[in-house]
Amino acid sequence: MADRRTFNVVILGVGFLFVFTAFTTCGNIEQTIVKSLQNETFNGSGYHSLGIIYGVFSFSNLLAPMFVSIVGPKLTMFLSGLLYSGYIAVFIVPYTWSFYFTSVLIGIGAAMLWTAQGQFLVENSEASTINRNTGVFWALLQCSMLFGNLYIYLDWNGKSEISESSRKNIFLSLLVASILGTLSFLILKKDFHEEDILTEDEGQSLLSGPVMYKHRANTALQDAKLEFRTILQLVNTRTIFLLSPCMAYSGLELSFYSGVYGTCIGATTQFGNKAKGLIGISGIVVGIGEIVGGGLFGLLCKNSHFRRTSVVFLGMVVHFIAFYLIFLNIPGDAPVVFSTTTQTTPFLTPSASVALLCSFLLGLGDSCFNTQLYSILGCVYAEQSTPAFAIFKFIQSVFAAVAFFYSGYLLLMWQLLLMVVLGFTGTLCFFIVERMQNGATDVQEY
């Protein structure tokens, strides 16, 4: 049984590796591709598409648990993978209507996919293996930021324009990766406990199938109602209220490093012919920052003397340094949608080394905030972890969607200023919650 569960965890991670190699790479280059596509048949915005995805994702989280309970995590992940593949395929023969329609579908699919992933990982873990299994899955997932972006660098380096043949080759390759990841979900094996249940049901009549299905649907509906009530109760708690600015900030900086910053680098004319290739390298370096931060802080925070506030404060400092360097190094009109190249001159002569340093800092800082938000929610709401994490993903996704919608119109300096203000507020509120938690622990011990 242990071997089967380990097999499932590894295949789950490999499936997500392939699917998100396609999607993460697509998100990184999307606005740059869209700028080169403006014609009579296509008039979309990569920022708006990503905004729709995260907006639909945030609200679909409310229905995802019920769907996964009825259909099952394995089939849910397969169906969701097909939606991801459909979104990638749109870029091969792009039309505005299909671009935005699949944006809605992938938002729904994302909520289903991540809910099913969490349930499947828990089903194939025990108390003694959950940390190991989560680490294996996280490591494989973060590697998705490396391979696709490396391909972008090798293909785009030295090019000032993205040709139609280059675009089709890229997205055909990404589509193949996404389909392989989707198909890998089909070879996941059932747990022994689930097989025992099926064996007991074999002697029942054919009529029991619809009856059992209806029973599962009713149970799932009741569970969804109960969870929704719990979410409403938690929203009114002081802890969630205070953590909300930090959650919101994680959404803003998610949109910035995953879609906006790569576009800014690609639009900086001072980088010359290597600007487009730097988008791929930037995505790789962000991934390295995420992997380093996740591994480092996962080890450090096992030590009770190394508090969560230290990691969050480090994340704030790292991000603020990155924002300041980006402000000096990247032209202010780089993210705007109505220009394929920049017209303004930054304060410093744009440096590729500084740009990539900022990419690493963005990934490192993001891992600081996300690991500690998961940690404190799991600590404070140990008995209500699912609703608490649902609130976190909801707030994060809503603010990521909002950020994607304004990113094409606000100059870079104003986007950075918004993140600085919300980042400082979120860090301060996180400190207050951590102090409250430590005080409660002290009282319990006394």
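Given the structure is predicted, the values throughout are model-derived calculations rather than measurements. For the single chain, residues carry numbers from 1 onward in sequence order. Values below: all heavy atoms of this structure, side chains included; hydrogens, waters and symmetry mates excluded.
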Heavy-atom count check: over 12 atoms from other residues, nucleotides or ligands less than 6.0 Å from [X] [atom1]?
X: Tyr100; atom1: OH; result: yes
X: Phe431; atom1: CZ; result: yes
X: Phe16; atom1: CZ; result: yes
X: Tyr153; atom1: OH; result: no

Whether the side chain of [X] engages the backbone of [Y] through a donor-acceptor N/O pair (distance < 3.5 Å, no angle test) should be reported.
X: Ser144; Y: Leu17; answer: no
X: Ser98; Y: Pro94; answer: no
X: Thr24; Y: Thr21; answer: no
X: Ser250; Y: Met247; answer: yes
X: Asn370; Y: Asp366; answer: yes
X: Gln31; Y: Tyr47; answer: yes
X: Ser255; Y: Leu252; answer: yes
X: Asn124; Y: Phe120; answer: yes

[X] side chain near [Y] side chain, heavy-atom distance below 4.5 Å:
X: Ile33; Y: Arg167; value: yes
X: Cys368; Y: His319; value: no
X: Leu243; Y: Phe430; value: yes
X: Leu50; Y: Ile53; value: yes
X: Phe57; Y: Ile106; value: no
X: Val318; Y: Phe313; value: no
X: Ile152; Y: Lys276; value: no
X: Ile326; Y: Val354; value: no

Point-to-point distance, once rounded to the nearest 0.5 Å, from [atom1] of [X] to [atom2] of [Y]:
X: Ser184; Y: Ile11; atom1: OG; atom2: CD1; result: 6.5 Å
X: Ser80; Y: Gln117; atom1: OG; atom2: CD; result: 11.5 Å
X: Ile376; Y: Phe392; atom1: CD1; atom2: CZ; result: 12.0 Å
X: Thr25; Y: Tyr151; atom1: OG1; atom2: OH; result: 11.0 Å
X: Tyr261; Y: Glu253; atom1: OH; atom2: CD; result: 14.0 Å
X: Ser103; Y: Tyr54; atom1: OG; atom2: OH; result: 12.0 Å

Below 30° counts as parallel, above 60° as perpendicular, anything between as tilted: where do the rings of [X] and [Y] land?
X: Phe20; Y: Trp114; value: tilted
X: Phe327; Y: Phe347; value: tilted
X: Phe256; Y: Phe323; value: perpendicular

Scan the side chains in residues 232-242 for donor-acceptor partners under 3.5 Å anywhere in the protein, sequence neighbours excluded, and list what turns up.
| unit_1 | atom_1 | unit_2 | atom_2 | d |
| --- | --- | --- | --- | --- |
| Asn236 | ND2 | Leu232 | O | 3.2 |
| Thr237 | OG1 | Leu234 | O | 2.5 |
| Thr237 | OG1 | Tyr381 | OH | 3.0 |

Side chains of [X] and [Y]: do they bring a donor and an acceptor to under 3.5 Å?
X: Ser85; Y: Ser178; answer: yes
X: Gln270; Y: Thr349; answer: no
X: Asp155; Y: Ser166; answer: yes
X: Glu290; Y: Ser367; answer: no
X: Glu123; Y: Asn8; answer: no

Name each donor-acceptor pair under 3.5 Å that joins a side chain in residues 277-284 to protein atoms two or more places apart or in another chain, with its distance.
| unit_1 | atom_1 | unit_2 | atom_2 | d |
| --- | --- | --- | --- | --- |
| Ser282 | OG | Ser359 | OG | 2.7 |

Between [X] and [Y], which heavy-atom pair has the shortest distance, and what is it?
X: Phe99; Y: Glu30; answer: CZ-OE2, 3.5 Å
X: Ile288; Y: Leu146; answer: CG1-CD2, 4.2 Å
X: Pro335; Y: Gly332; answer: CD-O, 3.6 Å
X: Pro331; Y: Leu412; answer: O-CD2, 3.8 Å
X: Val10; Y: Leu140; answer: O-CD1, 3.8 Å
X: Val34; Y: Phe91; answer: CG2-CE2, 4.5 Å

>> Let's go through Lys393 and Ser58 carefully: what are the C-alpha distance in whole Å and the side-chain angles of both, what is the deciding distance for side chain to side chain contact (heavy atoms under 4.5 Å, CB included) to 0.1 Å, and is it a yes or a no?
In response: CA-CA 7 Å; Lys393 299 304 292 184; Ser58 61; over 6 Å; no
> Could you walk me through whether Val398 and Phe394 pass the side chain to side chain contact (heavy atoms under 4.5 Å, CB included) check?
Replying inline: CA-CA 6 Å; Val398 166; Phe394 177 81; 4.0 Å; yes
>> Set out, in order, the CA-CA distance, both residues' side-chain angles and the distance that settles side chain to side chain contact (heavy atoms under 4.5 Å, CB included) for Leu418 and Leu410, then state yes or no.
In response: CA-CA 11 Å; Leu418 278 174; Leu410 276 184; 4.1 Å; yes
> Hey, mind stepping through Cys246 and Leu373 against side chain to side chain contact (heavy atoms under 4.5 Å, CB included) and telling me if it holds?
Replying inline: CA-CA 8 Å; Cys246 196; Leu373 278 169; 4.0 Å; yes
>> Tell me if the aromatic rings of Phe23 and Tyr84 count as close, with their centers under 6.0 Å from one another.
In response: yes
> Between His48 and Phe404, does the ring centroid distance fall short of 6.0 Å?
Replying inline: no
> Between Thr427 and Tyr249, is a side chain to side chain donor-acceptor pair (under 3.5 Å) present by the stated rule, with each step listed?
Replying inline: CA-CA 9 Å; Thr427 302; Tyr249 172 71; over 6 Å; no
